[in-house]
**Q** 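One structure, pasted below without further comment.
A note on names: the letters A, B, ... follow the listed sequences, proteins ahead of strands, and every chain is numbered from 1. The shown structure was predicted, so the numbers you read here are calculated from the model rather than taken from an experiment.
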Amino acid sequence: MRLLYFAWLKQKVGHAEEEVTLPEAVTNVEQLLAWLAQRGDNYAAALSDPKSVRVAVNQEYARPADPVQNGDEVALFPPVTGG
Amino acid sequence: MRLLYFAWLKQKVGHAEEEVTLPEAVTNVEQLLAWLAQRGDNYAAALSDPKSVRVAVNQEYARPADPVQNGDEVALFPPVTGG
Amino acid sequence: MAVRVQREDFDPGQEIAALTANNKTIGGLTVFVGLVREMAKTRALSAMTLEHYPGMTERMLERIEAEARERWPLEESLIIHRYGRLEPGDRIVLVAAASAHRDAAFEACRFLIDWLKTKAPFWKLEEDSQGDATWVEARESDEEAADRWQ
Amino acid sequence: MAVRVQREDFDPGQEIAALTANNKTIGGLTVFVGLVREMAKTRALSAMTLEHYPGMTERMLERIEAEARERWPLEESLIIHRYGRLEPGDRIVLVAAASAHRDAAFEACRFLIDWLKTKAPFWKLEEDSQGDATWVEARESDEEAADRWQ
């Protein structure tokens, strides 16, 4: 799975993207965030407030229960502030 | 009094402006329109439908009861359609 | 803050650039440009002639603009309206409002054009391809649009 | 009908001219231009950096534009949004909608900017004169503005 981070999520995680292989138990967005949060202090800090994290799976906004799998492009970012 | 006509009122009356001297009995907009209407067929035709005539006295929109006097600039025109 | 009634065309890009130049308080600018359409209600137009009341027209536009600036915190505003003979595709009118925030810019711009359409002395004479000329009648929908702002 | 996400500035006049050229069905064009303001909530900005999500940003803007064209009878529409480092007074975004009638042009233009602000992946990093950089937080008022169109 290709993971992308934007804005302050990128700064807190420390990189803009990475490739990961999901454990079998991780099948949806909510599980993905929980799994990421225990990968290190940087992830835990970035994901400490789930309300301020938005997720897109394959460039579509996704909800906690939406499925994820290896091969997906998953982006994590704060609420958008363009315009 | 200086009278100005615009749009189809100008066409029906036959001229764009004229100088008139008001009879003493004419002191408001409503009386002015009634007096004008009996000055000839062209005026009668132009003023036959009072609902479609707007009046400005000294470049301000005026109502039937608003006063007029010699020296005023009075304009007669249809409802506006700009923009 | 300006009002112009003119026969000549105008350049929206130049007007927008002038409105926003050197004013770093502006966060949003809304501009409306009205154009002559080829199709009137039921027939194709070849031209349109706009008549106005020199003096009163400018005065009413200035008043409409002043009213907008009382209602919204505007940094800039502009009304340009043409008169004379215009053809389909030609620009007729430009109204613009600039403010720190987009709400004010949108609402003031809409207000300017809605009020202009019912308060500013302009009259349109449409000519069709047969050479028939007809004065455009005022639309009730324009009155209703203006009434929203009362 | 077009969407552009670009680092370079754009010329509103050129865009407006291109939108209305050779289309005599257009009666009204509404354009909104968003600019970098010098004053943020509590402090003076020296610059702002806009980050985006290449690919998804374009996709979302195209969807927002398609949605506007389903809701209103538009002749033309355009969204341009910049990314990268911008300074106070710089243009950020242009949205435009052209239609036979001004109602549709105004409403569609407003819809485009309201939805863009809550759906398009852009993030703003503000820098003040001390060199402090802060990510702009999403505003509830933007969510509310977008919700009006649900």
**Q** Which residues pass the ring pair (Phe, Tyr, Trp, His ring centres under 6.0 Å) test with C:F32, not counting sequence neighbours?
**A** D:F106
**Q** Tell me the residues of residues 75-83 of chain B whose non-hydrogen atoms fall below 4.5 Å from those of chain C, in number order.
**A**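 Residues of residues 75-83 of chain B touching chain C at under 4.5 Å: B:A75, B:F77, B:P78, B:P79, B:V80, B:T81, B:G82, B:G83.
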**Q** Can you pull out the residues in residues 38-72 of chain B with any heavy atom less than 4.5 Å from chain C?
**A** B:A56, B:N58, B:Q59, B:E60, B:Y61
**Q** With only heavy atoms counted, which part of C:R139 is less than 4.5 Å from chain B, the side chain, the backbone, both or neither?
**A**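 Nothing of C:R139, per the 4.5 Å heavy-atom cut-off to chain B.
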**Q** When only heavy atoms count and the cut-off is under 4.5 Å, which of residues 12-35 of chain B reach chain C?
**A**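 Near chain C, by residue number: none.
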**Q** Non-hydrogen atoms of chain B under 4.5 Å away: do they reach the side chain of C:E137, the backbone, both or neither?
**A**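 Just the backbone, heavy atoms under 4.5 Å.
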**Q** Working to the nearest 0.5 angstrom, can you tell me the gap between C:T57 OG1 and B:F6 CZ?
**A**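 Interatomic distance, C:T57 OG1 to B:F6 CZ, rounded to 0.5 Å: 7.0 Å.
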